[in-house]
Amino acid sequence: MPELPEVETVVRELRSQVIGKDISQIVSLRDGTVNDRRENVSEIGVVISVRRRGKYIIIDTMNDVLLVHLRMTGKLIYAAEPGERSRFCRAEIHFKDGSLLYFDDVRTFGGIDILQKSELDGALSKLGVEPFSDEFTPSYLQKRMRNRIAPVKSILLDQREIAGLGNIYVCEILHRAGISPKRSGGKLSLEEIEKIVKETRQVLSEAIDKNGTTISDYRRVDNKQGEFQNFLRVYGKKRCHCGEEIARIKQSGRSSYYCPSCQK
DNA sequence: ATTGCTTCCTGAGCGC
DNA sequence: TGCGCTCAGGAAGCAA
């Protein structure tokens, strides 16, 4: 499930593959995957830059902008020339030099929006702070947690509060911070909030260094897997390093893994 | 304003 | 071998 480290890995790899290339066409192989929201449909143009905001991939071109979200099972796979499509290929981005990006997506939740540059800010306006920005401080998080009765797990997953965290990394962050996912956000001490901020940056940095976590579908642009799945401490685990059995509970429809002994 | 549930989708894994 | 069931979950939409 691509979260910030996986999307960041894809963005870095896309930069080295597609910047400077001229888009010839975008082929939609399934209704709903590609959404062209421009008023005037014309040449998209050369790729100027590739960026990330939360879990969104932003591909800036000369004339427009492509906003890609991988959701659960989306992948962007580079090929120097057209070959056999995967069974789950939903779209293709073709370049004038003959190379292309396949957009594969088993569960079809992901998509590619083609926007006018002026629409981009609006499309991203609801997203909260970036974990690596200066705005993500204990004081910011404390304000967002204040008086909240919702579990800290749910608040950290909310993209309007912090952009980029998903189920796997929130489980890992709370485990490293020693905080139970069941705790109400409003009941956390400043010291605990400081730990969350520190461990968020730490876990995400380590995961980016390992090119993300491949549990099932996530792949890099060259179709390789990430390696951080080998360093997970709690997500999908049976036993904690302390010897205690890892507990698994459902919180708003998602699995939370935690160690009842290490996380209070 | 906050919260939590439902929905979208399809493959994998499991019991029988 | 194959059927039916459950599970995985990001985020929008909606109801309370």
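Computed from a prediction, not measured in an experiment: that's the story for all the values here. Residue numbering restarts at 1 for every chain, and letters A, B, ... go by the order of the sequence lines. Atom set for the values below is all heavy atoms of this structure, side chains included, hydrogens, waters and symmetry mates excluded.
Distance, A:Y169 OH to C:dG9 P: 14 Å, rounded to whole Å. Rounded to whole Å, the distance from NZ on A:K55 to P on C:dG9 is 11 Å. Atom P of nucleotide C:dG10 and atom CD of A:E161 are separated by 16 Å, given to the nearest angstrom. Atoms NE2 (A:H69) and C1' (B:dC8) sit 14 Å apart, rounded to a whole Å. In this structure, the NZ atom of A:K153 is 9 Å from the P atom of C:dG10, given to the nearest Å. Atom-to-atom, CG of A:L165 to P of C:dG9 comes out at 15 Å; the value is rounded to the nearest Å. Taking atom CZ on A:R30 and atom C1' on B:dT10, their separation rounds to 11 Å, with Å as the unit. Going from atom CD of A:E6 over to atom P of C:dG10 covers 10 Å, rounded to whole Å.
Taking 4.0 angstrom as the limit, A:T108 places none of its side-chain polar atoms (N or O) nearer than this to OP1 or OP2 of B:dT10.
Side chain of A:R52 to backbone of A:G54: a donor-acceptor contact under 3.5 angstrom is found. A donor-acceptor pair is defined here as one N or O able to donate and one able to accept, closer than 3.5 Å; such a pair exists between the side chain of A:R15 and the backbone of A:V50. A distance-only check finds a donor-acceptor pair linking the side chain of A:S205 to the backbone of A:R201 [under 3.5 Å]. The closest donor-acceptor contact from the side chain of A:Q225 to the backbone of A:T214 lies at 3.5 Å or more, if one exists at all. Proximity of a side-chain donor or acceptor of A:R37 to a complementary backbone N or O of A:Q116 within less than 3.5 Å is not detected.
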Evaluate the criterion salt bridge (charged side-chain N to carboxylate O under 4.0 Å, His left out) for residue pair A:E3 and A:K55; output intermediate values, then yes/no. CA-CA 6 Å; A:E3 306 177 29; A:K55 299 175 197 171; 5.7 Å; no

Verify salt bridge (charged side-chain N to carboxylate O under 4.0 Å, His left out) between A:K195 and A:E191, making sure each step is shown before the conclusion. CA-CA 6 Å; A:K195 271 191 202 160; A:E191 192 183 34; 5.6 Å; no

List the steps, then state whether salt bridge (charged side-chain N to carboxylate O under 4.0 Å, His left out) holds for A:K96 with A:E43. CA-CA 12 Å; A:K96 287 187 178 169; A:E43 289 249 310; 3.2 Å; yes

Quick one, A:K237 with A:E172, criterion salt bridge (charged side-chain N to carboxylate O under 4.0 Å, His left out). Give me CA distance, side-chain angles, the key distance, then yes/no. CA-CA 11 Å; A:K237 299 293 175 192; A:E172 293 296 315; over 6 Å; no

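Evaluated for a side-chain contact (heavy atoms from CB on, under 4.5 Å) with A:I58, the options A:V68, A:L67, A:L66 yield exactly one hit, A:L67. Tested against A:T61 for a side-chain contact (heavy atoms from CB on, under 4.5 Å), the candidates A:V46, A:I114, A:V18, A:I23 yield a single pass: A:I23.
Residue A:Y235 is classed as a sugar-phosphate contact, given heavy-atom separations below 4.0 Å to backbone atoms only. Counting any heavy atom pair closer than 4.0 Å across all strands shown, A:E3 reaches no nucleic acid atom.
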Please tabulate the protein-to-nucleotide N/O contacts below 3.5 Å involving nucleotides 12-16 of chain C, giving atom names and distances.
none

Are there any protein N/O atoms within less than 3.5 Å of an N/O atom in nucleotides 11-14 of chain B, and if so, which ones and at what distance?
residue	atom	partner	partner atom	Å
B:dG11	OP1	A:R87	NH2	3.1

Nucleotide N/O to protein N/O under 3.5 Å, stretch nucleotides 3-7 of chain B:
residue	atom	partner	partner atom	Å
B:dT3	OP1	A:I149	N	2.9
B:dT3	OP1	A:A150	N	3.0
B:dT3	OP2	A:R148	NE	2.3
B:dT3	OP2	A:R148	NH2	2.9

Please list, one pair per line, the donor and acceptor atoms closer than 3.5 Å that link side chains of residues 72-88 of chain A to other protein atoms, with sequence neighbours excluded.
residue	atom	partner	partner atom	Å
A:T73	OG1	A:D105	OD1	2.5
A:T73	OG1	A:V106	N	3.3
A:T73	OG1	A:R107	N	2.9
A:Y78	OH	A:K21	NZ	2.7
A:R85	NE	A:E92	OE2	2.6
A:R85	NH2	A:E92	OE1	3.4
A:S86	OG	A:F88	N	2.9
A:S86	OG	A:C89	N	3.2
A:S86	OG	A:D104	OD2	3.3

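A:D97 and A:S99 are linked by a side-chain donor-acceptor pair at a separation below 3.5 angstrom, with hydrogens and angles left out of the test.
For A:M72, the listed nucleotide lying nearest its side chain is C:dG9; candidates were B:dC9, C:dA11, C:dG9.
The aromatic rings of A:F136 and A:Y140 sit perpendicular to each other, their planes meeting at more than 60°, with 30° as the lower class boundary.
Using a 4.0 Å cutoff on non-hydrogen atoms, no part of residues 209-224 of chain A comes near DNA chain C.
In this structure, the aromatic ring of A:F109 is not positioned over the six-membered ring of the base of C:dA11 within 5.5 Å between centres and 30° between planes.
No chain of hydrophobic side-chain contacts below 4.5 Å, direct or via other Ile, Leu, Val, Met, Phe, Trp or Tyr residues, connects A:Y56 to A:I44. Taking hydrophobic clusters as Ile, Leu, Val, Met, Phe, Trp and Tyr residues chained together by side-chain heavy-atom distances below 4.5 Å, A:I57 shares a cluster with A:I26. Residues A:L204 and A:I196 are members of one and the same hydrophobic cluster, defined by side-chain heavy-atom contacts under 4.5 angstrom among Ile, Leu, Val, Met, Phe, Trp and Tyr.
Two end axes, each from the C1' atoms of five base pairs, can be drawn for the helix from B:dT2-C:dA16 to B:dC16-C:dG2; they diverge by 50°, to 10 degrees.
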